[in-house]
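Taking it in order: structure first as structure tokens, then the write-up.
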2 protein chains.
Amino acid sequence: MGKDNRNSTQVLKDAKLSNTKIRKSILEFLMQNHGPFSIDDIHKHISNGDYATVYRCIKKFEEHEIVKKCDFGDNISRYEYKDCNHHHHHIMCRSCQKITTVEYCFLKEMEKMLTDQGYKDVSHTLEFFGICQDCQNE
Amino acid sequence: MGKDNRNSTQVLKDAKLSNTKIRKSILEFLMQNHGPFSIDDIHKHISNGDYATVYRCIKKFEEHEIVKKCDFGDNISRYEYKDCNHHHHHIMCRSCQKITTVEYCFLKEMEKMLTDQGYKDVSHTLEFFGICQDCQNE
DNA sequence: TAAAAAACGCAATTGACTTGCATTTTTTAG
DNA sequence: CTAAAAAATGCAAGTCAATTGCGTTTTTTA
């Protein structure tokens, strides 16, 4: 899935970020496991490091587009390693919160596919982001 | 836009919710104005009522599917009146946070349309929700 | 119209996330 | 390689959207 086969050290170097134990540890967890993961998930899987540090690392990763933030509207931010060549979405169970990857990519067809897979009451949220004309002219 | 021409009192009655001044006031604001709106926006536009009450009203409205929650990942929930017959999306400027309605509905085509309209660096978030097999069998 | 149920207002609380600051680690420059 | 500079960490305290407890007020029910 995707063409990115750099290791964590190389990714950090490419982003011009210092290579610390904790950053390496977080990044490797994200690169080797299928997310998205909450800060809590990440914190559990690294040997040491407090929450503030995890938050700060992830924020840096996000700024440098190493990870992608996923928002499921439950007030918990989740993150996954951003493999540039792999476009996909997610489905979260409204009941147990389990998150599964969705490879297919058109709205109604996607919802139908999810229904065919056994999900019930499928819905979606879609929001766009961009820089508006006003802001471009500032 | 849409076929819902009930008034606020009727909407509350249909949902079996008590008709209080504040609920009526919030609902009318949402029905007469183009959202989505934050709790702060809503609070500003109703004559009295504290924040806790606004939060509680909106939560009730959401539970009864009178309003729809929109999440733009900035940790502020926004709500719009849920006109069942009008499917649409939004675009928020990453710079000034202004929110505009998007009527069209396919991903790449939508992004292109937004670019044609003058938005720059357009991206989107799309998440699905449903009840998974495991939860259906509980 | 009185009793029961629901909603309100206020203050305190929660929980995800952030920040200030002293200490430690990593990077840079000689 | 090493010392100074820069950046990251750990801890504690703080922020902010949202929630909750509880006594009072409003709305609904019978």
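Throughout, a chain's letter reflects where its sequence line sits, starting with A, and its residues are numbered from 1.
- Here Tyr55(A) pairs with nothing under the ring pair (Phe, Tyr, Trp, His ring centres under 6.0 Å) rule; sequence neighbours left out.
- The closest side-chain heavy-atom distance from Ile39(B) to Ser77(B) is not below 4.5 Å.
- Here the shortest heavy-atom pairing between Pro36(B) and Glu80(B) reads CA-CB, 4.0 Å.
- Taking 4.0 angstrom as the limit, Arg56(B) places none of its side-chain polar atoms (N or O) nearer than this to OP1 or OP2 of dT19(D).
- In the helix from dT1(C)-dA30(D) to dG30(C)-dC1(D), the rotation axis of the first five pairs and that of the last five pairs differ in direction by 40°, rounded to 10 degrees.
- When rounded to the nearest whole Å, the span between CD1 of Ile22(A) and C1' of dA7(D) equals 13 Å.
- For the pair Asp50(B) CG and dT19(D) C1', the computed distance is 12 Å after rounding to whole Å.
- As rounded to whole Å, 11 Å separates atom P of dA8(D) from atom CG of Leu12(A).
- Taking atom OH of Tyr51(A) as the reference point, atom P of dA13(D) lies 19 Å away to the nearest angstrom.
- In terms of the side-chain hydrogen bond (donor to acceptor under 3.5 Å, both in side chains) criterion, Asn19(A) has no residue partners (sequence neighbours excluded).
- Phe61(B) places a side-chain heavy atom less than 4.5 Å from the side chain of Leu17(B).
- Counted by atom type alone, His90(B) and Thr101(B) present zero donor-acceptor pairs between their side chains at under 3.5 Å.
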Could I get a table of every N or O pair under 3.5 Å where one atom is in the protein and the other is in nucleotides 16-18 of chain D?
unit_1: dA18(D); atom_1: OP1; unit_2: Ser77(B); atom_2: N; d: 3.1
unit_1: dA18(D); atom_1: OP1; unit_2: Ser77(B); atom_2: OG; d: 3.1
unit_1: dA18(D); atom_1: OP2; unit_2: Tyr55(B); atom_2: OH; d: 2.8

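- Between the CG atom of Asp71(A) and the C1' atom of dC17(C) there is a distance of 14 Å, rounded to whole Å.
- Tracing side-chain contacts under 4.5 Å through hydrophobic residues (I, L, V, M, F, W, Y), one reaches Tyr51(B) starting from Phe37(B); they form part of the same cluster.
- Atom CZ in Arg23(A) sits roughly 12 Å away from atom P in dG10(D) (whole-Å rounding).
- When rounded to the nearest whole Å, the span between CG of Asp74(B) and P of dA16(C) equals 18 Å.
- Judged by closest nucleotide on DNA chain D, Ala52(A) is the one of Leu17(B) and Ala52(A) placed further toward the 5' end.
- Under the salt bridge (charged side-chain N to carboxylate O under 4.0 Å, His left out) criterion, Asp40(A) pairs with Lys44(A), sequence neighbours left out.
- By the ring pair (Phe, Tyr, Trp, His ring centres under 6.0 Å) test, Tyr79(B) pairs with no residue at all, sequence neighbours left out.
- Put simply, the side chain of Leu27(B) reaches to within 4.5 Å of the side chain of Ile66(B), judged on heavy atoms.
- For residues 68-78 of chain A, the salt bridge (Lys or Arg N to Asp or Glu O under 4.0 Å) pairs, not counting sequence neighbours, are Asp74(A)-Arg78(A).
- Less than 4.0 Å separates DNA chain C from no heavy atom of any residue of residues 57-70 of chain A.
- Within the structure, salt bridge (Lys or Arg N to Asp or Glu O under 4.0 Å) contacts touching residues 14-33 of chain A (residues at least two apart or in different chains) are Arg6(A)-Asp14(A), Lys24(A)-Glu28(A).
- Residues meeting the ring pair (Phe, Tyr, Trp, His ring centres under 6.0 Å) test with His45(A), sequence neighbours left out: Phe29(A).
- The salt bridge (charged side-chain N to carboxylate O under 4.0 Å, His left out) search around Lys120(B) returns none, not counting sequence neighbours.
- Between the CD1 atom of Ile42(A) and the C1' atom of dC17(C) there is a distance of 13 Å, rounded to whole Å.
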Quick test: give all pairs of protein nitrogen or oxygen and nucleotides 23-27 of chain D nitrogen or oxygen below 3.5 Å, distance rounded to 0.1 Å.
none

